[in-house]
Each structure stands twice: as C-alpha cells, then as structure tokens.
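The next block holds one structure in the form of structure tokens; read it before the comments.
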Amino acid sequence: MLDIKLFRENPELVRQGLKNKNEKDRVDEVLELDKQRRELIIQADELKTHRNQVSAQVGQLKKAGQDASAIIAEMKRVGDQIAEFDGKLNKVEEDLDSLLRYIANLAHESVPVGKSAADNVETKRWLPEGFSFENDFKILDHIELGKKLKILDFERGAKITGSGFPLYIGKGATLERALINYMLDLHIHEHGYTEIFPPFLVNKDSMRGTGQLPKMEEDMYHIEKDGLYPIPTAEVPITNIHRDDILNEKDLPIKYVGYSACFRREAGSYGKDSKGFLRVHQFNKVEMVKFVKPETSYNELELLVKDAEDILQKLNVPYRLLMLCTGDLSFSAAKCYDIETWSPAENRWLEASSCSNFEFFQARRANIRFRNEATKKPELVHTLNGSGLATSRLMVSILENNQTPEGKILVPKALQKYTGFEIIE
RNA sequence: GGAGAGAUGGCAGAGUGGUUGAAUGCGGCGGUCUUGAAAACCGUUAAGGAUGCAAGUCCUUCCGGGGUUCGAAUCCCUGUCUCUCCGCCA
C-alpha cells in the first residue's frame, strides 16, 4: 500500500498517479479518515495520560493505607470515555487501513503513460540464429503435437479435475520436469539465487502481504474449512518469508528462487485464450524474488529481467520484451517488464514472464524492513519479483518452434542432459 | 484426533495486579586502559503512533483477539503456534 504521508504531503501527485493507472480517485476519502484518526488520537491520548497519572496515585495511596475511593469512582468515568474514543478510533483505523489496501501502487516516472496493453512499449526483440517467422511446412499447434506424440492430454486432465488442469504424460512429463530443474539450476548456480521450496498453501496474512487480498479475492482458490489459499504464484510464500522481519543491511540484496505449482481461478476469462496451455488453472512456475535497498531497486529490476532472458536465449526461444504502460500495470507494480515468447501456430507473442518492481508497496503491507547501518533505524525494503519462467506458455513455444516437418520435437540442446533424450517422436 | 506444558526485548531467562518498556546474563554499539588486541571497568542498546522547526513530551505494544479492574506481562475467556505423551499416517 501507499504511504499515508504521501497523501498528506502531495495529494495531487497521488491523484494523477491513480488516474494514469486507470484507478479510482479516493484521495479525499483517505485524507478525511486520516484527519478523523488524528483528532481522535489527540483526545484519547489526553485522557490516557490523565488516567495513568491518577492510577499511579491510587497505588501510592493504597500503599500508604489511605482511602482512594473518590478518585477511583472518577477514574471509572474517565475509563468509560477512553473506551468510547478507542472504539471510534479503531473503527476509523480499520476503515483507513482497508481503504489504503484497495488503492493501487503508483507507477515509476520512467513508465510510459498509457491506457491499455496497446500502449505498451516493445523495448527489445531476440530471435535465435536462423529463425524465421515464415515456415516452409505446416506448423502444428501445441495441442495437436501433444496429442499426436502422446505427451499432453487436456481431455483427461479435464476428466480428472476440470478444464484447465493439464495432464503431462511420458516424455511430456519428463520435459516439464527437465525445464523446471534446468531453470532452477541456472538461477542458483549462475545467477546467485538461493533456492526455496515453499508451501503451496498460504494463510490470509500472506495473501494480504503481497497484495492478492483483499482486492483480488475472486481470482483465488480458497479452502474455507482451513482458511487457506492455494498460491497463485510462489511470489506469495517467498515474499512472506520475511514478513515482519528487520533484515541486516549487509545481507541485501536477498535473492530467492523457487519452483511452485500455481493455482488461478481465472474467473470470467472463459472463451478467451482458453485452449490448451494458453490459460490454465494450474501451471508450473519458477519464480525469482528479491529484497533490496530502495536506491538499488531499478538496477535490480534490469538484472532480474536479464536473468529471465538468459533462460530463453540458452533455450533458443524467440522472445520480445515489453515495458508495460501505466494503464496495463498490475495493482501492486510500480514498473514491469513482460517477456513474451513466440508461438508460430498462434502467430503471436505469448506472455511467459512478468518482472516487476513493487518498491515499498508490498514491503509496507508485509512490514519487511532492514536496519540502516548509518541511521540505525529500520527502513522499508523494496521488493521485486519475476517469473523465470512459467512453463506452460514456454512449453507452447518450445514444442511449436522445435517441431520438424514430420511432427517430431527436437529437445533444445541445453535441456538434453536434463531429459535424457534428444527427440520426442 | 485425545492428554498435558509453554509463548516475555537480537538471544538466553526473571517477573507478588500498582514508577515494569520490563531484573539479570550474553551479544551489539560507544568509551577508559593498551604499541595493537584480549581481559577488566564505565556507559549505551526495542518497535509503532500523535505532537513539535527541533530538543523533547505523550500514547500504545510482554504470541493474536476479547474481558475483569481506577490500574494487567501478571487474573478470566478464546484463537494461533511450539514442546512432551498417546492414536493415525506418506
């Protein structure tokens, strides 16, 4: 969430920022609640000071064996007044907190202002040697390939669970697992990340910490009986590792990478992009998360994107890099790059990674701080995360781009020692 | 799932309902001593909020929530977590 001080000191900046992000302007509501809050605190604190002083007196009188019943009776009335103010104050603070949690992060100044995905800016395009958008044989899509080679079975996945729960079989399953292991190893051994294997279910506090709740409640699966949520991304458990922590400055930046299955309800998105792997309820993802000092976060974002790109270059997958405009940025992000891989069958780019800087937004919600060595005071960190990468859409690009005219799949060189085979036929 | 014990500052560990934000020890930081270091000694060492230019002053916080009381780390209820024993189990 945003800093309440920003609303007090520069309301117009917040107003414009929310407008750029296509968000509702609720600045005046925040300021009004903030004003009420401060007035109540002043009144309640005054009474409490009084109570504390008189209560100490009562103690001394009793010790001296004297009668204190008169001031005790008076203090009872003061106590009731305090309870009244505290009740009002709690209500106002709850309202303010929940309002702030519904307000989106503001975009960084380097982000282009725009209304929708159409205004995103392509900043880079990388194509493997010898790659061409034209093909001299009929390209099969990943669903046809998966069926023909008996490596993917979307119908049986739907029978077992429901649509959007893919089933991998034989070499398809091996390829998926190889991809996950390959990506993890690269990030751990070459990019300097610490491996995490997180829980796949989290509690409400964790979902609030990273910003999925309360606003995106409808997009989440929810196990009501136990109050738990299947994670939509490993970002949630990994970022919450340090919820309420005060980190050592010398340990920053902290870089974690972890695999998890990801669960998303994708409510309301049926019919759109819903075939095969394009939009699923369960998929696999390797996620990178960083906790950094604020002044380094934009540099760290560039490095994060590089770490994700490195995977695609080593796997020879054609991709492009987009800088999202203000209107297409997610709720929590201040700046975000999407990486899209090429699908020759779809004849378009598919989002396979999203790398974001959240600045203080998550850190403030989750209360993640570090101790500044110079000032000795705790300060909020910046958090970042990026997929590195999601396997489902990446799998589409790998299968489709590596097919032969006979409909076989050539396994990318880098993956072969992980799969143990070079071809799927 | 059943029975019991517990949760206090960075850590360890006291705490009779009344100057307890909290003894003591360790650790950290600063200093004295020393050529330097160690030891010893002295001092210092929580977070959040309100107010103020600031120094400061005040409020809250002893796992979370509720209650009793003039006053709660301390008493009551409740939730969570940890440990021990039993049951079940990959």
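Throughout, protein chains are lettered first and strands after them, A, B, ... in sequence-line order, and every chain is numbered starting at 1. Here the structure is a predicted model, which means the values were calculated and not measured.
- For the P atoms, the distance from B:C62 to B:A23 is 15 Å, rounded to whole Å.
- Of all nucleotides present, only B:G43 satisfies the Watson-Crick or G-U wobble test against B:C29, with each distance under 3.5 Å.
- Looking at A:Ile231 and A:Tyr229, their side chains never come closer than 4.5 Å, going by heavy atoms from C-beta outward.
- Rounded to an integer number of Å, the gap from CZ of A:Arg51 to P of B:G71 is 6 Å.
- Applying the 4.0 Å criterion to OP1 and OP2 of B:A50, one finds that A:Arg8 has a side-chain N or O inside that range.
- There is a side-chain donor-acceptor pair under 3.5 Å between A:Arg243 and A:Ser206.
- Neither side chain, A:Glu94 nor A:Asn90, offers a donor N or O lying under 3.5 Å from an acceptor on the other.
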### Task
Walk me through it: do A:Lys293 and A:Glu249 pass the test side-chain contact (heavy atoms from CB on, under 4.5 Å)?
CA-CA 8 Å; A:Lys293 286 195 271 181; A:Glu249 181 174 345; 3.0 Å; yes
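- Nearest-nucleotide positions on RNA chain B place A:Arg37 closer to the 5' end than the other of A:Gly79 and A:Arg37.
- Of the side-chain N and O atoms in A:Arg371, one or more sit less than 4.0 angstrom from OP1 or OP2 of B:A47.
- Looking at A:Asn284 and A:Glu176, their side chains do bring a donor and an acceptor atom within 3.5 Å of each other.
- Summarising the geometry, the separation between CD on A:Glu39 and P on B:U51 is reported as 10 Å, rounded to the nearest angstrom.
- In this structure, A:Glu93 places its CD atom 15 Å from P of B:G48, rounding to the nearest Å.
- Rounded to whole angstrom, the span from the NZ atom of A:Lys62 across to the P atom of B:C70 amounts to 9 Å.
- Pair assignment for B:A23 gives none, since no Watson-Crick or G-U wobble pairing has each distance under 3.5 Å.
- Pair assignment for B:G79: B:C63, on the basis of Watson-Crick or G-U wobble contacts that are both within less than 3.5 Å.
- Proximity note for A:Arg38 (side chain, C-beta onward) versus B:C70, B:U51, B:G49: the nearest is B:U51.
- In this structure, B:C58 and B:G49 make a Watson-Crick or G-U wobble pair, each of the two defining distances being under 3.5 angstrom.
- When the P atom of B:A47 is taken as reference, atom CG of A:Leu247 falls 15 Å away, rounded to whole Å.
- A gap of 15 Å separates the C1' atoms of B:A12 and B:G28, to the nearest Å.
- Taking only side-chain nitrogens and oxygens, A:Asn52 never comes nearer than 4.0 Å to OP1 or OP2 of B:C58.
- Remark: A:Lys76 is in phosphate contact with B:C70, judged by side-chain N or O atoms under 4.0 Å from OP1 or OP2.
- When the C1' atom is compared between B:U24 and B:U45, the two are found 15 Å apart, to the nearest whole Å.
- For A:Pro378, taking side-chain heavy atoms from C-beta onward, the closest of the listed nucleotides B:C70, B:G48, B:C59 is B:G48.
- Among the atoms of the strands shown, none is found under 4.0 Å from any heavy atom of A:Val54.
- Summarising the base pairing, B:G18 is matched to B:C70 through a Watson-Crick or G-U wobble pair whose two defining distances lie under 3.5 Å.
- B:U84 is paired with B:A3 under the criterion used here, namely a Watson-Crick or G-U wobble arrangement in which both key atom distances are under 3.5 Å.
- Residues A:Lys147 and A:Leu140 are not in side-chain contact: their nearest non-hydrogen atoms beyond the backbone lie 4.5 Å or more apart.
- One interatomic measurement links the two molecules: NZ of A:Lys377 to P of B:G28, which rounds to 20 Å at whole-angstrom precision.
- If you take atom P in B:C77 and the same atom in B:G6, they sit 14 Å apart, rounded to whole Å.
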### Task
Before giving the answer on salt bridge (charged side-chain N to carboxylate O under 4.0 Å, His left out), spell out for A:Arg38 and A:Asp34 the whole-Å C-alpha distance, their side-chain angles and the decisive distance to 0.1 Å.
CA-CA 6 Å; A:Arg38 287 192 281 173; A:Asp34 181 49; 3.3 Å; yes
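- Rounded to a whole angstrom, the distance from the P atom of B:A5 to that of B:G10 is 29 Å.
- One interatomic measurement links the two molecules: CD1 of A:Ile72 to C1' of B:G18, which rounds to 11 Å at whole-angstrom precision.
- Comparing B:G48, B:G71, B:A50 against the side chain of A:Ile41 picks out B:A50 as the nearest.
- At a threshold of 4.0 angstrom between heavy atoms, the contacts of A:Arg364 with the nucleic acid are absent.
- Rounded to whole Å, atom P of B:A47 lies 21 Å from atom CZ of A:Arg243.
- B:C59 and B:U19: their P atoms are spaced 15 Å apart (whole Å).
- Mapping A:Ala73 and A:Ile4 onto RNA chain B by nearest heavy atom places A:Ile4 closer to the 5' end of the strand.
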### Query
Taking it one step at a time, do A:Arg365 and A:Thr210 satisfy side-chain hydrogen bond (donor to acceptor under 3.5 Å, both in side chains)?
CA-CA 7 Å; A:Arg365 285 175 164 246; A:Thr210 33; over 6 Å; no
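- Applying the Watson-Crick and G-U wobble criteria (two distances, each under 3.5 Å), B:U35 pairs with nothing in any strand.
- Listed nucleotides B:A50, B:A47, B:G71 differ in distance to A:Ile42; the shortest reach to its side chain belongs to B:A50.
- Going from the P atom of B:U20 to that of B:C29 covers 29 Å, rounded to whole Å.
- Taking the C1' atoms as reference points, B:G9 lies 6 Å from B:A46, given to the whole Å.
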